[in-house]
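It should be emphasised that the depicted structure is a prediction, and the values quoted were computed from it without experimental measurement. Basis for what follows: all heavy atoms, side chains included, without hydrogens, waters or symmetry-related copies.
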Number of protein chains: 2
Amino acid sequence: MTDTVGTAETVGAAQPAASRPGLRERKKQRTRDALLRAALELFTTQGYERTTVDEIAEAVDVSQRTFFRYFAGKEDAALFLQRLAESHFIAAVRERPSHEAPLEALRRAVLESWDTIGEAIEAVVPIELHMRTYQLIESTPALLAVHLRRSEEIEEEIARLIAEREGLDVDTDPRPRIAVAVFGGVMRVTGRLWGAGEDTSVEAIRELTATYLDHVGPALAEKWGTAPR
Amino acid sequence: MTDTVGTAETVGAAQPAASRPGLRERKKQRTRDALLRAALELFTTQGYERTTVDEIAEAVDVSQRTFFRYFAGKEDAALFLQRLAESHFIAAVRERPSHEAPLEALRRAVLESWDTIGEAIEAVVPIELHMRTYQLIESTPALLAVHLRRSEEIEEEIARLIAEREGLDVDTDPRPRIAVAVFGGVMRVTGRLWGAGEDTSVEAIRELTATYLDHVGPALAEKWGTAPR
DNA sequence: AGGCTAGTGACAGCCACTGACAATTGACAA
DNA sequence: TTGTCAATTGTCAGTGGCTGTCACTAGCCT
């Protein structure tokens, strides 16, 4: 709050002069991040239901009302990072070359986006907190419910993307939606297993995903050999 | 509330003397049904969010507290019939002969259970109200979220069932969960399309389901022909 | 008939969330 | 530097879902 704040900030920040959000904007960003971190920290330590919005606000020393100005609700804060991750995934799908077969494109998009997502999150909160948050979501009915609904919305979006890639009409041809539903189904299964397991590393989820996607074919086979494979 | 209620009920009811729940029990049942009907009626006419629990209770002339003794919450009432339907579906799967391939068994189970479910529901509320309720769920975010979470739980249950049928271990072999996830994904897509469409008949959902299930293979093909089919 | 207990109503209270209004503070121009 | 405008925030009051408690009524059982 000194008189040289302006200069100090400009120098101290790693902003390459291209974008200088202004004091007000930066302050807002800091408040949002602080609220998010406090919320996730409290959620993952005491549990989601046992944490009140007042506690979160108090931890950041703002009014409860302010919390609701940054987040639509408790859920919104808890799922914030998921949304971040989802947008990265969608972007990854968009960038897949259109000569790849639909499922192939989706597969590469997830596997690839695991990394870029990590970086984006680290810029806001420690990755480790995000991992804990993910497990929290999987184990908290209220959060899982909202997360699954969001997943469905994303599936619709991706289905339209795929349809566009292939030059098809989603409302006429069932294949885009089906392909995405299949893919989404597998992702949900692997996500759940990953969250329930011990190894929370990116490698673990990557491998699990790849393995399960490889098993879609066999799982749909007329007759299953008893060989588990 | 006359003194001959007991006798009248015994005669009037279609209970074949095998089970006579007792006055208390019957009264409870009537209260529950009344609450359910009132709730669904209000939900589907005014909207879920715009209906308060007090309104529902008042419509049946009981205290708000009593509503919560019968239903865990507003959601619980709204999804009551879904749960009924789900249990029928699970039962149908259990009864499929074990020589059928997994997906074939699931397919037959749904298509078959559409009918038996109808009867079970009619015993509580008019089918037509159930149809409206289904559309309400699909179009109400809060309800859809919980419904999807329940779906996931059911998928897990079915996956274990399938694994058992095939003599496999769900935690070792990915195929049961994958197959069920694929199936569930298709069901969700068709359910959504059905709810959004005009034709709310059983035939419509049956045909839609069959068609979409038939397209799973093509949707997973390496290269999609441009023919929508 | 009379005790036992399930079911209920009435009341109090917690917490998520919202609208309204006033106070504060950054942004920008004079 | 100072004044004005607009964005942010705090405060207050209220709505609605949901829960705990307690006294009371009415089926049920011996």
Side-chain angles (χ1 to χ4, degrees), chain A residues 1-10 19-35 39 42-43 46-79 140-143 145-146, chain B residues 1-10 19-35 39 42-43 46-79 140-143 145-146:
Chain A
M1 293 294 184
T2 72
D3 48 332
T4 57
V5 163
T7 312
E9 290 280 359
T10 307
S19 64
R20 207 173 327 123
L23 205 172
R24 193 172 247 165
E25 208 55 39
R26 276 173 285 151
K27 206 168 181 176
K28 244 171 72 173
Q29 191 60 45
R30 250 180 291 142
T31 305
R32 181 201 296 285
D33 288 358
L35 279 170
L42 286 169
F43 289 162
Q46 330 180 319
Y48 176 73
E49 331 265 7
R50 276 189 302 278
T51 302
T52 68
V53 174
D54 291 273
E55 276 180 289
I56 301 168
E58 195 176 2
V60 184
D61 205 57
V62 294
S63 73
Q64 188 216 47
R65 198 68 182 82
T66 294
F67 173 89
F68 285 108
R69 288 197 174 100
Y70 282 99
F71 300 98
K74 263 173 79 174
E75 287 171 359
D76 189 48
L79 299 174
T140 305
L143 292 180
V146 178
Chain B
M1 294 295 183
T2 72
D3 48 334
T4 57
V5 162
T7 313
E9 289 282 356
T10 307
S19 63
R20 208 174 325 121
L23 207 174
R24 198 175 246 168
E25 207 56 39
R26 275 173 285 152
K27 209 168 181 177
K28 245 172 71 174
Q29 191 60 45
R30 250 180 289 141
T31 305
R32 181 201 298 284
D33 289 357
L35 278 170
L42 287 169
F43 289 161
Q46 324 180 324
Y48 177 73
E49 330 265 8
R50 276 191 300 278
T51 302
T52 68
V53 174
D54 291 273
E55 275 181 292
I56 301 169
E58 196 176 4
V60 184
D61 205 55
V62 295
S63 72
Q64 186 217 48
R65 196 68 184 83
T66 294
F67 173 89
F68 284 108
R69 288 195 175 101
Y70 282 99
F71 300 98
K74 262 171 81 174
E75 287 171 0
D76 189 49
L79 299 174
T140 306
L143 292 180
V146 178

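For the atom pair Leu143(A) CG and Lys74(A) NZ, the distance stands at 8.5 Å (nearest 0.5 Å). Once rounded to the nearest 0.5 Å, the distance linking OG1 of Thr140(B) with CD of Glu75(B) reads 11.0 Å.
Rounded to whole Å, the distance from CZ on Arg50(A) to C1' on dT19(D) is 17 Å. Spacing between atom CZ of Arg32(A) and atom C1' of dA7(D) amounts to 15 Å, rounded to whole angstrom units. Between the CZ atom of Phe67(B) and the P atom of dC18(D) there is a distance of 8 Å, given to the nearest Å. One atom, CG of Leu35(B), and another, C1' of dT8(C), lie 12 Å apart when rounded to the nearest Å. For the pair Asp61(A) CG and dT9(D) P, the interatomic distance rounds to 13 Å; values are reported in whole Å. If you measure from atom CZ of Phe71(B) to atom C1' of dG17(D), you get 16 Å, rounded to the nearest angstrom. Taking atom CZ of residue Arg26(A) and atom C1' of nucleotide dA27(C), one finds them 12 Å apart after rounding to whole Å.
Not a single side chain to side chain donor-acceptor pair (under 3.5 Å) links Glu58(B) to another residue, sequence neighbours left out. Every residue two or more places apart in sequence or in another chain that forms a salt bridge (charged side-chain N to carboxylate O under 4.0 Å, His left out) with Asp76(A) is listed here: Arg83(A). With sequence neighbours left out, Glu49(B) forms a salt bridge (charged side-chain N to carboxylate O under 4.0 Å, His left out) with no residue at all. Thr51(B) is linked by a side chain to side chain donor-acceptor pair (under 3.5 Å) to Gln46(B), counting only residues two or more places apart in sequence or in another chain.
Here the side chains of Lys27(A) and Arg24(A) are not in contact, with every heavy-atom distance at 4.5 Å or above. Side-chain contact check for Leu42(B) versus Tyr48(B): every heavy-atom pair is 4.5 Å or farther apart.
Using modelled atom types, one side-chain atom of Thr52(B) and one backbone atom of Glu55(B) make a donor-acceptor pair closer than 3.5 Å.
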Task: Reading 5' to 3' through nucleotides 1-7 of chain C, protein heavy-atom contacts under 4.0 Å coded B for base, S for sugar-phosphate only, - for none - done: ----BBS
Between the protein and nucleotides 12-16 of chain C, which nitrogen or oxygen pairs are less than 3.5 angstrom apart?
residue	atom	partner	partner atom	Å
dA16(C)	OP1	Thr51(A)	O	3.3
dA16(C)	OP1	Lys74(A)	NZ	3.3
dA16(C)	OP2	Val53(A)	N	3.2

For residues 64-72 of chain B, which side-chain donor-acceptor pairs fall under 3.5 Å, sequence neighbours excluded?
residue	atom	partner	partner atom	Å
Thr66(B)	OG1	Ser63(B)	OG	3.2

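With axes fitted over five pairs at each extremity, the angle between the ends of the helix from dA1(C)-dT30(D) to dA30(C)-dT1(D) is 10° (10° resolution).
The two residues Ala57(A) and Leu35(A) come nearest to each other via the heavy atoms CA-CD2, 4.5 Å.
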